[in-house]
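Shown next, in structure tokens, is the structure this report addresses.
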Amino acid sequence: MPASAERRLHELGIDLPIPPEPFGTYVEAVQTGKLLFLTGMLPTEGRSAKFTGRVGAELDVEAGRKAAELAALNVLAVAREHLGSLDKVTRIVRLGVSVATSGDFRDQPKVADAASELLQAVFGKDKNPCRLVYGVASLPLGTPVELEVIFEVAP
């Protein structure tokens with residue numbers, strides 16, 4: 001039997017951050033039926049952006065990947081806060097990744113892979129989502145990455 005998501009977090013030595021609070025008039029998570037929708041998750045710590053700039057301009061791919069990984073940690077923190085345990089996730093349905101880039105940057109998938117890889121390490125390959133990756137001109141707080149996630153959850 002595969003290890004639970006909570007056990008994998010422990011085995012990977014991952015301590016989740018304090019879940020981010022909204023930066024506007026919205027909530028971080030909404031559950032309807034078996035689906036949990038998370039708002040756009042940014043690479044923030046506390047009330048500030050840990051990474052700012054565009055990939056391919058002010059930031060390189062590796063910095064973009066680190067930003068995507070931090071945003072994915074925030075995803076996990078919010079999901080755990082809402083569900084009580086990440087073991088209630090039965091599937092990651094969709095991962096949307098927006099990457100703020102310079103106009104000629106073409107490696108958005110390499111940046112997005114950092115979030116995908118973290119989620120796969122925690123939930124297992126059998127729960128990999130479909131994914132959309134966008135290159136955009138700008139994101140909230142000047143961050144280089146924003147994640148949108150939909151989980152299927154157990155009742």
Side-chain angles (χ1 to χ4, degrees), residues 5-6 8-9 11-31 35-83 86 88-89 91-153:
E6 292 290 342
R8 281 192 187 107
L9 276 178
E11 289 170 353
L12 293 167
I14 296 173
D15 290 320
L16 294 181
I18 295 169
E21 296 178 22
F23 287 93
T25 309
Y26 59 91
V27 294
E28 298 286 343
V30 171
Q31 185 173 346
L35 296 178
L36 177 65
F37 294 80
L38 298 190
T39 192
M41 289 288 145
L42 303 170
T44 57
E45 288 181 348
R47 298 291 299 158
S48 61
K50 172 87 175 177
F51 297 87
T52 58
R54 294 169 300 143
V55 182
E58 299 84 11
L59 301 173
D60 62 13
V61 170
E62 188 54 34
R65 287 179 54 81
K66 288 179 182 173
E69 186 173 282
L70 177 55
L73 289 171
N74 285 334
V75 162
L76 296 174
V78 168
R80 179 196 268 167
E81 180 179 60
H82 183 82
L83 298 170
L86 293 175
K88 291 185 178 177
V89 172
R91 174 106 195 152
I92 310 166
V93 177
R94 178 178 158 199
L95 171 61
V97 184
S98 296
V99 184
T101 65
S102 61
D104 60 347
F105 185 79
R106 302 287 183 262
D107 287 331
Q108 291 89 348
K110 289 180 182 176
V111 174
D113 279 347
S116 295
E117 290 161 6
L118 177 64
L119 294 174
Q120 180 177 297
V122 172
F123 293 109
K125 192 174 185 176
D126 62 320
K127 294 182 183 172
N128 276 350
C130 62
R131 184 174 88 175
L132 294 154
V133 181
Y134 303 95
V136 299
S138 171
L139 289 168
L141 307 179
T143 62
V145 176
E146 184 174 25
L147 306 181
E148 177 192 6
V149 181
I150 302 169
F151 291 110
E152 179 185 64
V153 298

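Atoms considered below: every heavy atom in the structure, side chains included; atoms not considered: hydrogens, waters and symmetry mates. From a predicted model like this one, the values you see are computed outputs, not experimental measurements.
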Please examine the side chains of [Y] and [X], heavy atoms only from C-beta on, and report whether any two atoms are closer than 4.5 Å.
| X | Y | value |
| --- | --- | --- |
| V149 | M41 | no |
| E28 | L38 | no |
| R131 | V133 | yes |
| Y134 | V97 | no |
| T52 | L141 | no |
| F51 | L42 | no |
| L139 | S98 | yes |
| V93 | P129 | no |

Please evaluate residues V136 and V99 with respect to the criterion side chain to side chain contact (heavy atoms under 4.5 Å, CB included), reporting the C-alpha separation (whole Å), side-chain torsions for both, the decisive distance (0.1 Å), and the verdict. CA-CA 6 Å; V136 299; V99 184; over 6 Å; no
Least distance between heavy atoms, [X] atom then [Y] atom:
| X | Y | value |
| --- | --- | --- |
| L76 | L86 | O-CD2, 3.6 Å |
| P43 | A67 | CB-O, 3.3 Å |
| G46 | F23 | O-CZ, 4.3 Å |
| R65 | D113 | NH1-CB, 3.7 Å |
| G64 | V145 | O-CG2, 3.8 Å |
| L147 | A115 | CD1-CB, 3.9 Å |

Is [X] reaching over with its side chain to a backbone N or O of [Y], donor-acceptor style, under 3.5 angstrom?
| X | Y | result |
| --- | --- | --- |
| N74 | T44 | yes |
| R54 | G142 | no |
| R91 | D126 | yes |
| Q120 | K125 | no |

Just checking, R8 and F123: is the charged tip under 6.0 Å from the six-membered ring centre and within 45° of the axis?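 No cation-pi geometry.
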Would you say that more than 12 heavy atoms from the other residues, nucleotides or ligands in this model lie under 6.0 Å from the NZ of K110, or not?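 12 or below, so no.
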Find the distance between CG (L70) and CD (E45) and round it off to the nearest 0.5 Å.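 If we round to the nearest 0.5 Å, L70:CG and E45:CD are 5.5 Å apart.
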Please step through side chain to side chain contact (heavy atoms under 4.5 Å, CB included) for the pair L73 and L16, ending with a clear verdict. CA-CA 6 Å; L73 289 171; L16 294 181; 4.0 Å; yes
E152 bridged to K127 by N-O distance under 4.0 Å: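 K127 and E152: not salt-bridged.
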